[in-house]
Amino acid sequence: MNVSSARELLAIDGGTPLRTDPFPARQPFTEECVELVTDAVRSGDLFGMGGRYVGRFETEYAEFYGARHAISVSSGTAAVHVALAAYDPEPGSEVITAPITDAGTIVPILAAGCVPVFADVDSSYAMDPASIESKITDRTVAIVVVHLFGGASDVRLIREIADRHGIALIEDCSQAHATRLDGRYVGMFGHVGAFSLQQSKHLTTGDGGMAITDDPELAERMLLFRDKGWIRTRYGSRSYDGFGMNYRMTELQAAVGIPQLRTLDSVVRRRRDFAIRANSHFADVPGVSAFVPIEGCEASYWTYPFEVDNGDIHRFASALAEEGIPTMPGFHNDPIYLSMSALRDQKTFGSSSYPFVEPFHEPVSYAPGLCPAAEAALSRLIVFWLNEDMTERDADSVGLAVAKVARGLTA
Ligand SMILES: *Cc1c(COP(=O)(O)O)cnc(C)c1O
């Protein structure tokens with residue numbers, strides 16, 4: 001009997017669970033990380049400016065991506081903020097961005113006094129270039145594109161659109177470390193690539209961020225903005241140029257980040273192998289669909305997403321949990337414009353609703369229906385939190401359980 005095609009009794013209906021042991025936890029920090037961070041602590045000076053590790057981390061990070069400059073910051077949110085702030089947008093300027101993302105993409109847009117404008121996604125959760133172009137107005141200063149789940153938005157086309165309209169392209173690569181598009185890393189297609197180094201990301205310093213660019217002027221403005229505008233080359237009385245934050249990285253973060261640059265490509269390869277293997281188990285099973293990255297993309301799988309075609313994701317996820325596979329139905333449940341009160345209720349700075357008010361901008365409404373494809377996609381989405389320390393057996397149990405549940409629930 002071909003077991004994999006038979007309809008087995010689901011664990012949720014009293015059958016035998018597919019798996020009973022837990023999945024392995026991730027261990028991103030090697031002995032070398034411990035040695036470097038110990039060395040940093042022993043030095044008695046953890047300040048990053050002029051320190052031994054932050055400068056080296058920036059240099060090696062830039063080398064990894066083939067960028068001329070890498071500017072370390074304290075978070076992915078800070079990386080997007082320094083990138084946007086480098087353009088010094090007028091209050092009320094518009095920034096086109098993604099409906100499915102972390103608040104870390106949106107908060108910097110609001111902090112920069114800009115109005116987020118949402119473009120819809122395509123079937124790969126990628127931002128739809130046509131939707132982006134249709135949202136451009138004479139007030140658009142930038143596109144902050146998001147590469148979701150380790151896939152890629154089509155920044156080949158989106159860069160062309162940005163150039164045609166003379167606007168900036170910032171890539172939020174927080175979920176897409178070492179993701180390739182036509183063999184090139186995402187983050188290098190736009191003017192700035194912004195990365196989060198938060199604990200869940202492919203390369204992590206617990207919290208942290210990095211902004212990469214080839215443009216020396218942008219790099220200079222980002223350096224100033226992350227350091228309160230401090231012109232550190234000038235001695236004597238302190239001189240601050242413009243407005244800025246303190247988004248500096250410390251030696252502790254850089255020390256644990258450096259060794260991971262050497263393993264990042266293999267981390268990504270192992271995550272991709274997991275996804276390909278898990279997907280293979282339900283390729284012919286009706287009712288579930290694997291995540292398909294856009295043409296030319298080698299995804300880095302920040303998460304392992306898949307779709308339940310009939311949208312019954314809560315029932316599906318409960319059945320998977322009974323099989324021993326923990327997942328997250330709906331991922332974000334709602335698109336970001338409905339899940340942040342700063343957008344939905346425009347609760348921003350005191351009671352001002354700035355920047356969604358005259359004379360900065362006319363009123364804006366963020367309501368259901370704004371990005372129909374994104375809303376529909378979220379209603380079918382389930383994610384499993386894979387990591388690079390999981391084995392082929394782990395990939396098999398996820399893929400087989402998805403197949404078993406899909407068959408069992410339609411039986
Ligand atoms: C994680 C993440 C961020 C925010 O990063 P932090 O380091 O938590 O500030 C921003 N954008 C996306 C798409 C993310 O996944």
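The structure displayed is predicted, hence computed values, not measured ones. Read the numbers this way: they start at 1 and go in the same order the structure lists the ligands and their atoms.
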Query raised in the report: Taking the non-hydrogen atoms of His147, is any one of them nearer than 4.0 angstrom to ligand 1?
Result: no
Query - Arg159 and its side chain to side chain contact (heavy atoms under 4.5 Å, CB included) partner, picked from Leu157, Asp163, Val155 - result: Asp163
Requested in this report: Show your reasoning for whether salt bridge (charged side-chain N to carboxylate O under 4.0 Å, His left out) applies to Arg277 and Asp396.
Outcome: CA-CA 7 Å; Arg277 194 174 174 102; Asp396 287 341; 2.8 Å; yes
Query - Enumerated ligand 1 atoms positioned under 4.0 Å from heavy atoms of Ser75 - result: 7 (O), 9 (O)
Query - Atoms of ligand 1 close to Ser196 [distance to a heavy atom under 4.0 angstrom, numbered from 1] - result: 1 (C), 5 (O), 6 (P), 7 (O)
Query - Asp172, any N or O under 3.5 Å of ligand 1 N or O - result: yes
Report task. Could you tell me whether a side-chain N or O of His191 sits under 3.5 Å from a main-chain N or O of Leu169, the two making a donor and an acceptor? Result -> yes
Report task. Please say whether Thr77 places an N or O atom under 3.5 Å from an N or O atom belonging to ligand 1. Result -> yes
Query raised in the report: ligand 1 and Gly76, any nitrogen or oxygen pair closer than 3.5 angstrom?
Result: yes
**Report entry** Salt-bridge criterion met for Asp215 and Arg68 (N-O under 4.0 Å)
**Finding:** no
Query raised in the report: Does the side chain of Thr250 come under 3.5 Å of the side chain of Gln253 through a donor N or O and an acceptor N or O?
Result: yes
Query raised in the report: Which residue from Ile336, Asp102, Thr101 reaches closest to atom 4 (C) of ligand 1 through any of its heavy atoms?
Result: Asp102
Requested in this report: Give a yes or no answer on whether the side chain of Thr204 reaches the backbone of Leu197 with a donor-acceptor pair at less than 3.5 Å.
Outcome: yes
Report summary line: Within 4.0 Å of some non-hydrogen atom of Gln198, the atoms of ligand 1 are 7 (O)
Requested in this report: Without swapping roles, check the side chain of Ser131 against the backbone of Ala119 for a donor-acceptor pair under 3.5 Å.
Outcome: no
Query raised in the report: In the protein, which heavy atom is nearest to atom 1 (C) of ligand 1, and how far is it?
Result: Lys201 NZ, 1.5 Å
Report summary line: A student checking ligand 1 against Gly104 at a 4.0 Å heavy-atom cut-off should list atoms 4 (C), 10 (C)
Query - Short N or O distance, Asp207 and ligand 1, threshold 3.5 Å exclusive - result: no
Requested in this report: Please report the C-alpha distance between Arg19 and Asp21 in whole Å, then the side-chain angles of each, then the deciding distance to 0.1 Å, and finally whether the salt bridge (charged side-chain N to carboxylate O under 4.0 Å, His left out) criterion is met.
Outcome: CA-CA 6 Å; Arg19 180 178 177 127; Asp21 56 321; 3.4 Å; yes
